[in-house]
There are 2 protein chains.
Amino acid sequence: MDRDDDPGATGGAPSAAAPRRTARRATGRITLDDVARAAGVSAITASRALRGTRGVDPALTERVQAAAAQLGYVPDPAARALASAHSQHVAVLIPMLSNTLFVELLESVQRTLTPAGYQTLIGVTHYRADEEEALLRSYLAHRPAGLLLTGFDRTPAAQALVDHCGLPCVHMMETREAPGIHSVGFSQQAAGRAITEHLLSRGRRRIAYVAGQMDPRVMQRADGWRAALRAAGCHDPALELMDPAPTSMALGGRLFRELMARHPDVDAIFFCNDDLAQGASLAALRMGIEVPRQVALAGFNDLDGSDQMIPPLTSVRTPRAEVGAQAASLLLSLMRGQQGVRATVDVGFELVVRQSS
Amino acid sequence: MDRDDDPGATGGAPSAAAPRRTARRATGRITLDDVARAAGVSAITASRALRGTRGVDPALTERVQAAAAQLGYVPDPAARALASAHSQHVAVLIPMLSNTLFVELLESVQRTLTPAGYQTLIGVTHYRADEEEALLRSYLAHRPAGLLLTGFDRTPAAQALVDHCGLPCVHMMETREAPGIHSVGFSQQAAGRAITEHLLSRGRRRIAYVAGQMDPRVMQRADGWRAALRAAGCHDPALELMDPAPTSMALGGRLFRELMARHPDVDAIFFCNDDLAQGASLAALRMGIEVPRQVALAGFNDLDGSDQMIPPLTSVRTPRAEVGAQAASLLLSLMRGQQGVRATVDVGFELVVRQSS
DNA sequence: CTGAAAGCGCTTACAG
DNA sequence: CTGAAAGCGCTTACAG
């Protein structure tokens, strides 16, 4: 029996046989109660039907879904997080967005996580341990369902937060075999070594390493460069040129000029990132330094434009999209409590030899 | 009197003179109640003290803050959002992160919003109206405190969501004078016109417009280009070359070759974004086409590397950091309910004339 | 200036 | 397979 004069009825909410339990909330928001009432079930059944919990009568599920759709019901993430102690957020911490590498990584992560119903909280650390710690603290308060971190280097406090939060966590870009640690990446050291060995195979002996940013992975590539040169008996520490500034084409040009002025006998340069190598390539062109005749150039990450340089740049293609996709799906498995997932995924890398070397 | 055998006491919570009202929560989380108890005040007073609501005894405020610090209390954003109907989130919707323009815009937004206690929810729309609408719907469910949108073009449904959510909203990158609308940007049309007039002033008459992405602002720049050429009596619609693909150096090279093959008499090109112009510059170099003698090149946004090109590229410097900072502080004013804020802020643009034109 | 009560909108055990 | 009760951790009125 429908009482149209019911003072609690504010508008044409579809009234099923179910009794009106409360008047429309003060906020005006359409709630689970509204849906349950419209479907003629209890709130908890509506909740289960909407979340796809198994063990609900299919007929009821259908009725609830129809009611939700008709009312335009959108679950309140805050209420859900408060009640269940977990949000549908995944916190993703990356060092910098101005390096397109991380933009591609992020896009790939989202392509996997979004369809699975998770929302990414993007945090940019600017390569600063203190910023990462602050972000972690703030994001953890939001009770995310999982964590996606870049690399392994962080403050002890940040590490403690990660260790004690009890949340599934996957590390990206580097790999590390350790109990309870999940990671997707490749060996930065091996990649640095491989490109240096390529330059050695071209007969180069005075091979420099030029880097910006100096983050952990840049240092690991330096290790690879050093190891290859030591093995070949031609390592010269003076040919290591590092600058803490973020990488850019402008910085690449500047460091190239600096290096060539100081060591005119350098016959090859390995840059920690392609933007540096691109800037160097243009500087060489301006300075009349022939590439690769006088000096061979090699970059890292194979970014947009490297194949457009004159001559086209040799680089290392790093599968960041693959890293993002695999890290995200590994995290999904962990968040779903699946057993027997792989702890470490090495996606490898690929030398892209072009005319600059 | 402290009863150490109290079965509700699970662990060494600092027990002040205040009575234990409830046992420690099942979740183990440190709550406002814990802080209030430790400080010997009620939960609501602790809440007010921590939020800085005026009208709390300074002595109490100090005691509460000390207790919170000592216990390592972190407010629960979900509970706060649920109770107050507003989170400390600001949803920021941008089209793409692979265009560094938006990365810089975003960084600038965060530099203003983060210190003010707001957290940015970054949403990337990929220039797709349907993705923007979905993001809006999802973010609105999180009850953000404010909205930062890129431009004005969206689906009617998305527009309705923005209109009816009643949330403060600032539009970025473009400006529009309309009642109730807040925007920070500059005239894309005027910028397109200015750079074209510059090329005209150099004596060029066969001036092409080459663009990728074809988003609304790219089209507005096209309008400016068209207007300038019409005014000069030398507009040729055949010299408008647009491609829906995202801009990149590779695309710039391809479009340049295509244009020069089809219209060898072109004597200047205005590119909608610098990455296209950079790719074209390198293509010209490879093809032996002299810049600017045979064809002048001009880009847009003055991105990293444009001053490294051979010759250095003429461009339009767009103050995206300024846009981000001003948009964020305008939004802050609106969220704080301040009256008499400026509805429209035009931050202008600047021609950067280098040797390519 | 301070507090007791109610409620925000969900989900988690616990019953049946 | 379904539901009534309690509770998640805060803040909003409403009193005093």
Could you state the [atom1]-[atom2] distance from [X] to [N], rounded to the nearest angstrom?
X: A/Arg37; N: D/dG3; atom1: CZ; atom2: P; value: 14 Å
X: B/Arg143; N: C/dC10; atom1: CZ; atom2: C1'; value: 10 Å
X: A/Ile30; N: C/dC8; atom1: CD1; atom2: C1'; value: 16 Å
X: A/Arg80; N: D/dG7; atom1: CZ; atom2: C1'; value: 17 Å
X: A/Asp33; N: C/dG7; atom1: CG; atom2: P; value: 13 Å
X: A/Asp76; N: C/dG9; atom1: CG; atom2: P; value: 7 Å
X: A/Ile44; N: C/dG9; atom1: CD1; atom2: P; value: 17 Å
X: A/Gln88; N: C/dG9; atom1: CD; atom2: C1'; value: 16 Å

Proximity to the side chain of [X] - top-ranked nucleotide from [options]:
X: B/Ala83; options: C/dC1, D/dG9, C/dC10; result: D/dG9
X: B/Leu82; options: D/dT12, C/dC1, C/dC8; result: C/dC8
X: B/Arg29; options: C/dC10, D/dG9, C/dA4; result: D/dG9
X: A/Thr45; options: D/dT2, D/dG9, D/dT12; result: D/dT2
X: B/Leu32; options: D/dC8, C/dG9, D/dT11; result: D/dT11

A/Asp76 versus A/Arg80: any side-chain heavy-atom pair under 4.5 Å?
no
Between B/His89 and B/His142, what is the ring plane arrangement, given parallel below 30°, perpendicular above 60°, and tilted in between?
perpendicular
How far apart are the C-alpha atoms of A/Thr114 and A/Gln119, what are their side-chain angles, what is the distance that settles it, and do they pass the side chain to side chain donor-acceptor pair (under 3.5 Å) test?
CA-CA 6 Å; A/Thr114 306; A/Gln119 213 165 54; over 6 Å; no
Between the side chains of B/Glu132 and B/Arg128, is the shortest nitrogen-to-carboxylate-oxygen separation below 4.0 Å, so that they form an ion pair?
no
Would you indicate, yes or no, if C/dG9 has its OP1 or OP2 atom less than 4.0 angstrom from a side-chain nitrogen or oxygen of A/Thr31?
no
A/Ser47 side chain N/O closer than 4.0 Å to the phosphate oxygens (OP1, OP2) of C/dC10?
no
Which sits closer to the 5' end of DNA chain C, B/Pro58 or A/Tyr73, going by the nucleotide each is nearest to?
B/Pro58
Could you pick out which residue, B/Ser84 or A/Arg51, lies toward the 5' side of DNA chain C when each is mapped onto its nearest nucleotide?
B/Ser84
Checking the side chain of B/Tyr118 only, and the main-chain atoms of B/Gly146 only, is there a donor and an acceptor separated by less than 3.5 Å?
no
Looking at D/dT2, which nucleotide sits across from it as a Watson-Crick or G-U wobble partner, both distances under 3.5 angstrom, or is there none?
C/dA15
Does A/Arg48 make a side-chain donor-acceptor contact with the base of D/dG3, cut-off 3.5 Å?
yes
